[in-house]
Amino acid sequence: MNGNSMHLFDAQAALGFVVAQASIIEPGVYRTRYPSVQYRDLIPVDTTGSEFATSVTYYSSDQFGKANWINGNADDLPKAGTTRAQHQTGVHTAGIGYGFGWEEIGRAQLLGINLQSDDASAARRASEEMVDRVALLGDADKGFTGLYNAANVIPVAAETGNWTVDTDSNLIVGVLNQALLNVFNGTNTASMADTLLLPWTKFNLLATRKMSENSDKTIIQWYLENNLYTVQTGQQLTLRGVRGLDKAGVGGTTRLVAYRKDPEVLKLHMPMPHRFLPAWQSGPLRWDIPGVMRLGGLDVRLPKEVVYLDGI
């Protein structure tokens, strides 16, 4: 057997070893949860549709019309109707993978040990962090906006802003209720926000301030029991502190986000979640495992059910 055939045999053996190791590494990597990634808990994710579609098209509609008294012989009856608009969001490909070098593979084969999964975990985490960024903040290069800065949601100023340790607790509660009521009134009382997102600095303030001098509950504890959504529906309100809202408002101010967490209202399109492709020999001393995903932007389908309050 000449040197060339021996090299070919060794390369094939190394590739087979990497393929077998990847089948062990990947399931564990995909089971891992990353605490700093927020989007999965905040936004409905849609993974349906063709993996290689270039765009996602959807329609939004609104109703109009009001019944009124008429003459029994009238021919100009009030009419109801529906307005319908078409929207389209692009879907694009992104990638992040990992690989192994010749020495690393050789040592693992010699010692009969598994290849390290650290690089695979780093690639998977990087993919999740990219989706998190696009979902929450958008991507200017692709024309996407996110949950914190949706283009079709008009921000308004909080009635009582710039919360500090000296701000009256009842005024803070009034602003939280303002967010819920803006959705309620904006939809003609048809819907109410079930999720409130606060900047971390303001969330920490509410989590440590007592509702009153005579209360043993913090503002958050009291509000979770007495907010308008819970009192009206009997359901638990989601109230969370998140990264990225301390300067998300107009002029770099703080921003509160209120919305109804439902695919009818908003969703992130990800027709191809991140996946690792088969290993291949990318060079004389390198074997790589590519990772790819296809991702669209965040669609806010019912902007009246999303509210931004700035300057809290």
Side-chain angles (χ1 to χ4, degrees), residues 4-5 7-40 43-57 89-139 141-144 146 267-299:
N4 288 336
S5 62
H7 178 268
L8 178 60
F9 173 79
D10 290 342
Q12 290 176 332
L15 178 59
F17 183 69
V18 171
V19 170
Q21 289 292 297
S23 68
I24 297 172
I25 291 171
E26 291 170 21
V29 167
Y30 279 111
R31 283 195 298 268
T32 303
R33 295 281 293 179
Y34 302 104
S36 61
V37 174
Q38 305 177 108
Y39 78 94
R40 291 188 179 275
I43 301 170
V45 179
D46 188 347
T47 58
T48 63
S50 172
E51 292 182 338
F52 292 98
T54 58
S55 64
V56 175
T57 301
T89 184
V91 178
H92 304 276
T93 301
I96 181 74
Y98 67 102
F100 299 107
W102 171 68
E103 290 185 348
E104 186 178 7
I105 295 170
R107 283 194 299 269
Q109 288 178 307
L110 176 65
L111 299 174
I113 60 176
N114 292 331
L115 289 169
Q116 293 293 320
S117 62
D118 295 356
D119 290 347
S121 296
R124 173 61 175 159
R125 182 182 184 90
S127 74
E128 284 288 272
E129 289 176 345
M130 178 181 177
V131 177
D132 198 57
R133 173 180 58 80
V134 172
L136 301 181
L137 301 174
D139 188 289
D141 290 340
K142 299 301 182 185
F144 295 153
K267 68 167 61 175
L268 176 71
H269 296 285
M270 190 161 45
M272 181 189 291
H274 183 267
R275 67 175 62 163
F276 290 117
L277 300 180
W280 70 295
Q281 187 173 358
S282 57
L285 300 176
R286 186 74 185 175
W287 287 259
D288 286 342
I289 298 91
V292 295
M293 60 184 176
R294 288 185 50 76
L295 177 66
L298 174 74
D299 283 329

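- Nearest heavy atom pair, residue P27 against residue A22, reads CD-O, 4.3 Å.
- In terms of the side chain to side chain donor-acceptor pair (under 3.5 Å) criterion, S23 has no residue partners (sequence neighbours excluded).
- The two residues P290 and P278 come nearest to each other via the heavy atoms CD-O, 3.5 Å.
- Separation of atoms CE (M270) and CD1 (I43) is listed at 10.0 Å; rounding is to 0.5 Å.
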For the pair L277 and I289, evaluate side chain to side chain contact (heavy atoms under 4.5 Å, CB included) and give the outcome as yes or no after the intermediate values. CA-CA 6 Å; L277 300 180; I289 298 91; 6.0 Å; no
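- Summarising the geometry of L15 relative to A279, their closest heavy-atom pair is CD1-O, 3.7 Å, with the distance given to 0.1 Å.
- Residue pairs meeting the side-chain hydrogen bond (donor to acceptor under 3.5 Å, both in side chains) criterion with at least one member in residues 98-114, sequence neighbours excluded: Q21-N114.
- A side-chain donor-acceptor contact under 3.5 Å links D139 to the backbone of D141.
- Nearest heavy atom pair, residue T47 against residue P273, reads CG2-CG, 3.9 Å.
- For the pair Q281 (side chain) and G283 (backbone), a donor-acceptor distance under 3.5 Å is present.
- Rounded to the nearest 0.5 angstrom, I105 CD1 and W287 CH2 are separated by 5.0 Å.
- What you find for F276 and G97 is that their closest heavy atoms are CE2-CA, 4.4 Å.
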In sequence, state the C-alpha distance, the side-chain angles, and the governing distance for S127 and R124, and then conclude on side chain to side chain contact (heavy atoms under 4.5 Å, CB included). CA-CA 5 Å; S127 74; R124 173 61 175 159; 3.7 Å; yes
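- Side chain of R286 to main chain of G99: a donor-acceptor pair is present (N/O by atom type, distance under 3.5 Å, no hydrogens or angles).
- One finds the CG atom of D132 at 10.0 Å from the CG atom of L268 (value rounded to the nearest 0.5 Å).
- Atom CG of D46 and atom CG of L298 lie 11.5 Å apart (nearest 0.5 Å).
- Checked for salt-bridge contact, K267 and D299 miss the test: no charged N lies under 4.0 Å from a carboxylate O.
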Hey, mind stepping through F17 and L115 against side chain to side chain contact (heavy atoms under 4.5 Å, CB included) and telling me if it holds? CA-CA 9 Å; F17 183 69; L115 289 169; 3.9 Å; yes
For side chain to side chain contact (heavy atoms under 4.5 Å, CB included), just list the numbers for V91 and T54, CA-CA rounded to whole Å, side-chain angles, deciding distance to a tenth of an Å, and then say yes or no. CA-CA 5 Å; V91 178; T54 58; over 6 Å; no
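- At least one donor-acceptor pair closer than 3.5 Å links the side chain of R294 to the backbone N or O of E51.
- Heavy atoms only, all atoms of each residue included: P271 and G49 are closest at CB-O, 4.3 Å.
- Going from atom CE of M272 over to atom CE of M293 covers 11.5 Å, rounded to the nearest 0.5 Å.
- Contacts classified as side-chain hydrogen bond (donor to acceptor under 3.5 Å, both in side chains) and involving residues 24-40 (residues at least two apart or in different chains) are given here: Y30-H274, S36-R125, Y39-E128, R40-E128.
- Remark: L295 CG to T93 OG1 distance equals 9.5 Å, nearest 0.5 Å.
- For H269 and F144, the ring centers sit 6.0 Å or farther from each other.
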